[in-house]
Amino acid sequence: MSSSLDDMYREIIMDHYRSPRGRAPLPNADVSSDGMNPSCGDEINVAFSMDKDILTDVHVNCKGCAISVASGSMLAETVKGKSFEDVRKISEIVKKMLKGEEVEIPDDPDFEDLSALKGVRQFPVRIKCALLAWVTLVEGMEKYRAGGADSAKAATTEEDQ
Amino acid sequence: MSSSLDDMYREIIMDHYRSPRGRAPLPNADVSSDGMNPSCGDEINVAFSMDKDILTDVHVNCKGCAISVASGSMLAETVKGKSFEDVRKISEIVKKMLKGEEVEIPDDPDFEDLSALKGVRQFPVRIKCALLAWVTLVEGMEKYRAGGADSAKAATTEEDQ
Amino acid sequence: MPTDTKNSSQPAGRPSSELNVDLIKADFPILEEKVNGHRLVYLDSAASSQKPQEVVHALSQYYRHMHSNIHRGLHTLAERATVAYEKSRQHVADFIGGVEPEEVIFNSGTTEAINLVARTWGEANINEGDEIVVTEMEHHANFVPWFMLAQRKKAVIRKLPITVCGHLDLSEIDSIIGPRTKLVAITHMSNVLGTINPIQEIAALAKKHGALVLGDGAQAAPHLPINVRDLGVDFYAFSAHKMMGPTGLGLLYGRRELLEAMPPYKFGGEMISKVSFDEVTFAELPHKFEAGTPNIADVVTFDAALTYLERVGMNNARQHEIDLTGYTIEKLNSLNGLEIQGPQEVEQRGGAISFTDPTIHPHDISTFLDSRGIAIRAGHHCAQPLMRAMGKVATARASLYIYNDRSDVDALVEALVEMRKYFGL
Amino acid sequence: MPTDTKNSSQPAGRPSSELNVDLIKADFPILEEKVNGHRLVYLDSAASSQKPQEVVHALSQYYRHMHSNIHRGLHTLAERATVAYEKSRQHVADFIGGVEPEEVIFNSGTTEAINLVARTWGEANINEGDEIVVTEMEHHANFVPWFMLAQRKKAVIRKLPITVCGHLDLSEIDSIIGPRTKLVAITHMSNVLGTINPIQEIAALAKKHGALVLGDGAQAAPHLPINVRDLGVDFYAFSAHKMMGPTGLGLLYGRRELLEAMPPYKFGGEMISKVSFDEVTFAELPHKFEAGTPNIADVVTFDAALTYLERVGMNNARQHEIDLTGYTIEKLNSLNGLEIQGPQEVEQRGGAISFTDPTIHPHDISTFLDSRGIAIRAGHHCAQPLMRAMGKVATARASLYIYNDRSDVDALVEALVEMRKYFGL
Ligand SMILES: Cc1ncc(COP(=O)(O)O)c(C=O)c1O
Ligand SMILES: Cc1ncc(COP(=O)(O)O)c(C=O)c1O
């Protein structure tokens, strides 16, 4: 009956929600990027340090629902040590997976947890929650590349009543 | 079947339409009042001379439908020699008659023709046509009393597409 | 079919006998929908109400028997449609306490009604240094238009804050509403807290300083008997879709002399008197504010929605809401740690009940409840400044209407208990 | 049910075999109405079209099975309604030639769509001395907003005049559209003359001078296949109610980069991103232009209206209109002294046919025809400048749509003959 609910709130998601990774402050971050989801008020801060093109450390602080917090926590676990292009690629795969588009999920430890986000695709309005962290990080990295702005803002659209 | 049509386009109405009274120009009019019915483009000019409170002569020129022309023609026949109060009273009776409100129609030669306008009440959208001349005259007289403006404008509301 | 005892009132605390919710439920076909295998429990009427069968029927009947463009046609259908349209205007005028029909302007929603006032009256009357007072609990629809107007005009937005209990904090009101105040824009009932604001008192104070008052009735008009003259407001805006009527229709009441002095809002057919390449003149009220082909079908249909509400009786509706809100608050309070926003006194509030769970986010609450067929809303409810004042990013909101009863509330509370188990938090 | 041969076309002059009007008529319940004892002959579609059964049904179905406020809800009904709403936007985008859905803004009508552009793009881009070109045949909806804007901005309104035949007079166009032109506002099809204007050529000229082009599609969109990119317009406005859809719904197409640069039109919920007492930021397209609860039911229903039109096929509809307009003009010409306004060449015009009788006023024509069950319109048709140019105070207008056939035209012509006898003029 509520199998699709169980599919979204998998144990692995709830685990990330209960104890989100990457919460430790990153006082010497190169970039701090804020995101929000106007439709629910979810707010996120993603800060990270770069060494050339490599993301060396990341901090994620999300005030939001189980899905956005879990997704941010998984992001924190995944992106450390990755290049900008790697991050972009992963985030594209996550996006496609969430939207139910055809995409091959790499047989790669990075995607062990991430693929648990698949359950969200049955709840189209929640996709934005799962994307928030990724959009915010990518925007931050783009800003950094474009000219090293140390703060960036991301927002998905819409809003509620 | 079309009895209500016949009731509106009575012979007496059509007669006034075919040969409207009061068309003769009134070069020394004291007041000239323009009216229009935006819903059909009907336009009317009512000009008149006053002697103290008495309307001594009137000119009516209406570019409009059978009803507005006939009503203007009847007005021209009726109001000469009347006081402002008389004209206002007559126009109130005409208005009530047209709107189907309870009103006693004076047993008076003035109303012999005018009561033929009764048929209009079955065509609510045409009531404005029948009123145009009266509204325009009364506005002109009010302007005159208020300060002798020599030109006044009247318009009923609405408009068409 | 609901009973008709328009002006009765009865002691609170016991279920209102005047209103037979089983019969009312039967008037709403959508309540028979199954959602995720459960019966639909619709607790989202503050966002938009459902429609009784007879309103949906009136809409079909309009298109089947009388559709035509209005006001300008000389044929039978045009006359039928025009009469029905103007009858609905008269009905609205009566419903809000007996104003003149020319004081009722049809438009597309509360949002547009308020924008209309800001763009016309506001544009003409707000100047640099003038003050516009808004409350901290306004919906964005009654905040952003004034914020933007103030920005354009270098005017000042003054804030009437709220207390921790979700009432307006009137302790400093004499220093907030004063001689520089040109307008007080205030919601009659909060869509988040349920709070019913003392518009009458505030309007009296505003009047003393020569300021106008705009009441946002989007939440109040569906749930309370309304008399705009008694309230003392100069403008009052509300939406048909929250009160049994169709989407796409808003209502603006404005005092005649104000409307007459205001410039038009939109330009086009129907609102003009004369048009040439040299000169344009405008029509009389209410046409001046209704440019173009209006939302004829929905205006005509709204007549049926008001008839339905009147047959229920607004006093009965209010009494029912008091009873059911009391019951809901009591039940929710029994859930450990669940926090209800807004006043707890049912006489001072309506049935929009916001709450938060200490560990489960409103989004997750809403998704879980939906899996049990229960529709509530979660988010900032278009009231970000209020959220900030409450220190929340979002709340869950269950909102009641006359087709809800204790069984709906029980379903909500049971599901919330289940939810806590499910998330194991 | 009409046939589906979307892109076929066929020689003019003979009844279009693609389109079975008897079957189409059966789709429109209102055509079974009796008016003054006669069958309804509806020849007033240029004012507003009638609605096929399936559109009325779609409207009821919406309220019975999926009504909810949209975009912001996490529950099943909200999701259903949101999906249906956005599906309709995609359908409109496809219908007008395959634009991006974000380039389609829902609002309340052509009138509002044009006012939106005047208030936002116009307010930001028209300055003192700039020129706005409008034609002499514009509906007030595409004249008054520009007239008022020009007045506010001390800009100049330039007039594209008409010829005696009711075409645009393009002989002086090079001195009218020039480097000072900022906007050309032009109707695609005249609601009085039926004239189809050469928007494409005019847009090309405007572009050369860096001017934008707004097309008023209120009459064209219901009757012609539309491709806004091919037309070369920057904005295109039309109304659902004239094309099988519900009242209260308008459509604005705007090029993305223009819409993105424009300030918002109305302020409120749904169109914002962040709101506080210090700062307000706005949402992305298309939400930026859709403040408040939109006309959800009518948007969703419009999807069904477009489906109906596509099943008929816009090319078939056009072909039928060419045939029937030719037949009507021929028949009306046979009445001595009756004067038809607008082009006589059917390929260059639509089925809105204005005429005058030498002695009987359009008002009286309309009233008489109504007594025979025939609905036409009489007046200035919201085009007073055009009336002045034609030297008329009013015209009678019969207007055709796909549910009309020769029997309707025959009824009209017979009644006109009878009318002349009746008035004995
Ligand atoms: C050419 C034209 N433009 C604009 C309009 C205005 O459309 P609406 O009244 O639906 O806003 C109309 C219809 O009345 C029209 O025919
Ligand atoms: C208090 C309040 N004001 C204004 C609005 C806006 O109403 P609408 O979206 O119908 O324009 C709403 C509803 O969303 C509301 O609850």
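Predicted, not measured: the structure shown is a model, and the values here were computed from it. Each chain gets a letter, A, B and so on, in the order the sequences are listed, and its residues count up from 1.
Within a 6.0 Å sphere centred on NZ of C:K34, heavy atoms belonging to other residues, nucleotides or ligands number more than 12. Under a cut-off of 6.0 angstrom, the local environment of CD in A:E104 is sparse, with at most 12 non-hydrogen atoms contributed by other residues, nucleotides or ligands. In the displayed structure, A:K82 atom NZ is contacted under 6.0 Å by more than 12 heavy atoms of other residues, nucleotides or ligands.
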With side-chain contact (heavy atoms from CB on, under 4.5 Å) as the test, would you mind laying out the steps for C:R372 and A:L5 before giving the verdict? CA-CA 10 Å; C:R372 302 302 186 260; A:L5 197 72; 4.2 Å; yes
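The minimum heavy-atom distance between C:Y422 and A:D6, with the atom names listed, is OH-OD1, 2.6 Å. Of all the heavy atoms in A:G64 and C:H361, the pair that sits closest is C-CD2, 3.1 Å. Here the closest non-hydrogen pair linking C:F423 and A:M14 is CD2-CE, 3.2 Å.
For the atom pair NE2 of C:H380 and CG of A:N37, the computed distance is 8.5 Å after rounding to the nearest 0.5 Å.
In terms of modelled atom types and a separation under 3.5 Å, the side chain of C:D364 and the main chain of A:C65 share no donor-acceptor contact. Side-chain N or O atoms of A:R126 include none that pairs as donor or acceptor with a backbone N or O of C:T367 at under 3.5 Å. Here the side chain of A:Y9 pairs no donor or acceptor atom with the backbone of C:F368 at under 3.5 angstrom.
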